[in-house]
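Here is the naming used below: chain letters follow the sequence lines, and residue numbers restart at 1 for every chain.
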Amino acid sequence: MNEPRPESSHSEQPGEPAAASAFDLEKVREEKLGKIQALGIDPWGTRFDDHQAVAQVRGLTAPPSGSAEAGPAVRIAGRITLRRTQGKVHFLQVRDWTGQIQVFIGKNQVGDSPWELAQLFDLGDLVGIDGTLGHTKTGELTVFATKLTFLSKSLLPPPEKWHGLTDVETRSRQRYVDLFTNPESMATFLGRTRILAAFRRILGERGFVEVEGPTMQAIAGGAAARPFITHHNALDLELYLRIALELHLKRLLVGGMERVFELGRVFRNEGISRKHNPEFTMLEAYQAYGDYHAMMDLTEALICGAINAVDGEYKRTITLSADASVPVDFTPPWPRRSYAELMLEYARVSRSDEAGIRSKAAELGLTVEGKEAVVLFGELFEELVEPKLEGPVFVIDYPAELCPLTKRKAGAPEIAERFELFVHGMELANAYTELNDPLLQESLFRKQLQGQREDDSMAKMDDDFIRALKHAMPPAGGLGVGIDRLCMLLLNRPNIRDVILFPLLRPEV
RNA sequence: GCCCUCCUAGCUCAAUUGGCAGAGCAGCUGACUCUUAAUCAGCGGGUUGUAGGUUCGAGUCCUACGGGGGGCACCA
């Protein structure tokens, strides 16, 4: 490893002499900070009440340019993103999280000492503006400042005014800069919170209560994934970060909470990609005395609600990658197609035709030896059917062998009551009629434990969960939705990193 | 973990075959009371991610390392 060296001027070295240009820009701003203080003004500001959102101000009516009529009095607060000075006049662009508006500051209009302050404004400073709303000679809606309030000094220069911050790494690392420079990024993350709010509202309207399961668990269950390991000192206990929400929510069903959901973070110790972040947000919802059909209705309501929260467009174009987008129509109801039917249509094989499955798999170049026919059947689905599913489409009734933890269809034990929602090859939701037979559950767990590989040695038998089931869990429908991927889809961001405020990155330097 | 690729001023980007590291924005000084990426004049700003190597000479070629991006693998 290289030792940190003084010439690595990018990392701040407190106490070391400022050496390079980066420091010069900062130094200039520090000097201005001193000048602001010399004016008797606190450069770090104070409470600033009753300001209006810029978007709200933009919605007001204001007199046209040159009118004798005084416009409405307004008060805004925000960041200076642009400054054009012209002699004894400044034009600023001031941005808050709702939008941006022009501010006019004239020396003769504000007076000498505010003018002195305005001379010290830098791009990136936070200011409060009192003024009247009107239009300039060129017709632009403008706040004509009457009073300036300094709210906070920016000691670092913001990115360039025209191109902004484009470097994807810096945008993720310094999300704060990304948010205040790139309005589309702000819109994306506010869109994400609207989607979450819509989910909570709809679930609440349907009688679901939000609960919080444990994030640190002695046994990380509910999915097959490698967990993160952590340690509790006082108990001297190895703990795992949860990989799913499922098993604790089901315990609550046993406890009598009939409709529960959790919108929570789960952690999986896996690779990072365009579609994977090690921590991500899941919705899981469980409805006592329901089944997977009830969950399909709920899924449709949730996603339609999310669309309405974003822009209300059911017919939308979704971005698959930087240079590929496709139209998708979310107008409900969405088709429900059985797994077997889709396999017949696209792969031309049925589950019972094992010879056909094997020859078809061989045809595609899949490894056939040593695999059970049902595994190949699943692989054929992934290869031949999933790419064809433009969606949104519910794929229902999976081969039971592929979903050991799902309740079988009454009178058809070879069929599992499960659906997955697909949109253009992306799996948006996964739901079951939950297995509530503790004896069957236990034996399936044991079988699963036997089959696992050496390096997956994290999985353990969750005896308490089995005990809970033995107290009788109601028959129930359960649903899982990957929130991050839904956000990618509805907010048109092809990379999961762009819908997670602080995605995992290697530490800087 | 593997393969490909990128890293140049605070930001956005140039730099011919290996031949003096440049521009715009931002910054500083000055002019300007209705600008729109304001304009005009002038000035400063760099260990080209890091460490080695090849070479008379490396931003450019080679090796290793760091970080990013894309893909593969992993991923009920």
Side-chain angles (χ1 to χ4, degrees), chain A residues 1-11 19-29 31-32 65-66 81-93 100 102-110 115 122-124 134-140 142 144 154-174 177 181 221-226 243-244 246 268-276 278 280 321-323 375 378 398 401-406 416 418 420 427 430 432 444 448 451-453 455-456 459 480 494-495 497 505-509:
Chain A
M1 291 302 284
N2 303 320
E3 291 182 3
R5 303 179 69 103
E7 58 261 46
S8 60
S9 61
H10 296 285
S11 61
S21 63
F23 289 97
D24 292 342
L25 292 174
E26 202 172 339
K27 209 171 152 197
V28 166
R29 284 168 179 254
E31 282 165 9
K32 288 187 185 171
S65 168
T81 59
L82 211 60
R83 191 170 64 123
R84 294 182 282 270
T85 69
Q86 182 162 341
K88 297 184 178 58
V89 169
H90 291 308
F91 292 93
L92 309 180
Q93 289 287 340
Q100 180 169 297
Q102 179 166 269
V103 170
F104 177 99
I105 302 172
K107 187 180 182 188
N108 296 344
Q109 286 75 21
V110 294
W115 179 251
D122 274 319
L123 298 185
H135 291 87
T136 56
K137 279 181 186 167
T138 48
E140 176 151 353
T142 300
F144 291 86
S154 168
L155 293 177
L156 291 172
E160 198 221 7
K161 63 185 177 187
W162 187 242
H163 300 92
L165 183 65
T166 60
D167 181 78
V168 290
E169 180 185 356
T170 312
R171 288 183 65 174
S172 294
R173 273 192 203 285
Q174 302 183 28
V177 177
T181 30
R226 291 200 228 172
I243 56 175
E246 177 161 348
R268 297 187 180 178
N269 211 334
E270 293 160 1
I272 298 175
S273 79
R274 216 161 56 76
K275 291 182 182 172
H276 298 81
F280 59 100
S321 68
D323 44 34
V375 172
Y398 280 60
E401 303 107 301
L402 291 177
C403 343
L405 304 185
T406 307
R418 173 190 186 185
E420 287 190 283
E427 182 192 321
N430 187 11
Y432 308 105
L444 290 170
Q448 191 186 16
Q452 79 183 339
R453 297 176 320 199
D455 59 348
D456 281 343
N495 198 313
R497 184 186 53 219
L505 294 170
R506 286 188 158 88
E508 214 173 344
V509 190

Taking the same atom, P, in B:A9 and in B:C13, what whole-Å distance lies between them? 11 Å
Write down the distance separating the P atoms in B:G57 and B:C20, rounded off to the nearest Å. 15 Å
Between B:U63 and B:C25, how many Å separate the two C1' atoms, rounded to a whole number? 38 Å
So, does A:R497 get its side chain near the phosphate of B:G69, meaning an N or O under 4.0 Å from OP1 or OP2? yes
Which residue, A:Q93 or A:E270, contacts RNA chain B at a nucleotide closer to its 5' end, judged by nearest heavy atom? A:Q93
Grab the CG-P distance between A:L25 and B:G46 for me, whole Å please. 11 Å
In this structure, how many angstroms lie between the C1' atom of B:C11 and the NZ atom of A:K161, rounded? 12 Å
Base, sugar-phosphate alone, or nothing: which one does A:L402 contact when heavy atoms must sit under 4.0 Å apart? nothing
B:G68 phosphate, OP1 or OP2: any side-chain N/O from A:R506 under 4.0 angstrom? yes
Could you label the plane-to-plane angle of the A:W115 and A:H90 rings as parallel, tilted or perpendicular, counting under 30° as parallel and over 60° as perpendicular? parallel
When the P atoms of B:C2 and B:A26 are compared, how many Å lie between them, rounded to an integer? 45 Å
What nucleotide, of B:U35, B:G68, B:C11, holds the atom closest to the side chain of A:T142? B:U35
Taking OP1 and OP2 of B:A38, is either one under 4.0 Å from a side-chain nitrogen or oxygen of A:Q86? no
Check whether any side-chain N or O of A:N269 sits under 4.0 Å from OP1 or OP2 of B:C74, and answer yes or no. no
Find which nucleotide of RNA chain B each of A:A224 and A:K107 is nearest to by heavy atoms, and output the residue with the more 5' nucleotide. A:K107
Is there a donor on the side chain of A:T136 or the base of B:U35 sitting less than 3.5 Å from an acceptor on the other? yes
May I ask you to evaluate whether A:K32 reaches the phosphate of B:C28, defined as a side-chain N or O under 4.0 Å from OP1 or OP2? yes
Say you pick atom C1' in B:G49 and the same atom in B:C40; how far apart are they, in whole Å? 38 Å
Check whether NZ of the Lys or CZ of the Arg A:R418 lies under 6.0 Å from the centre of the six-membered ring of A:Y432 and within 45 degrees of that ring's axis. no
Rounded interatomic separation in angstrom, taking CZ from A:R173 and P from B:G67: 9 Å
Indicate whether any N or O donor in one side chain lies under 3.5 Å from an N or O acceptor in the other, for A:S273 and A:H276. yes
When you measure only distances, ignoring hydrogens and angles, does the side chain of A:H163 come within 3.5 Å of the base of B:C11 through a donor and an acceptor? no
Inter-nucleotide C1' distance (B:C7, B:U60), Å rounded: 14 Å
Is any side-chain N or O of A:R226 closer than 4.0 Å to OP1 or OP2 of B:C75? no
Quickly work out the A:R171 CZ to B:C11 P distance and round it to whole Å. 15 Å
Send over the distance from A:R84 CZ to B:A31 C1', rounded to a whole Å. 19 Å
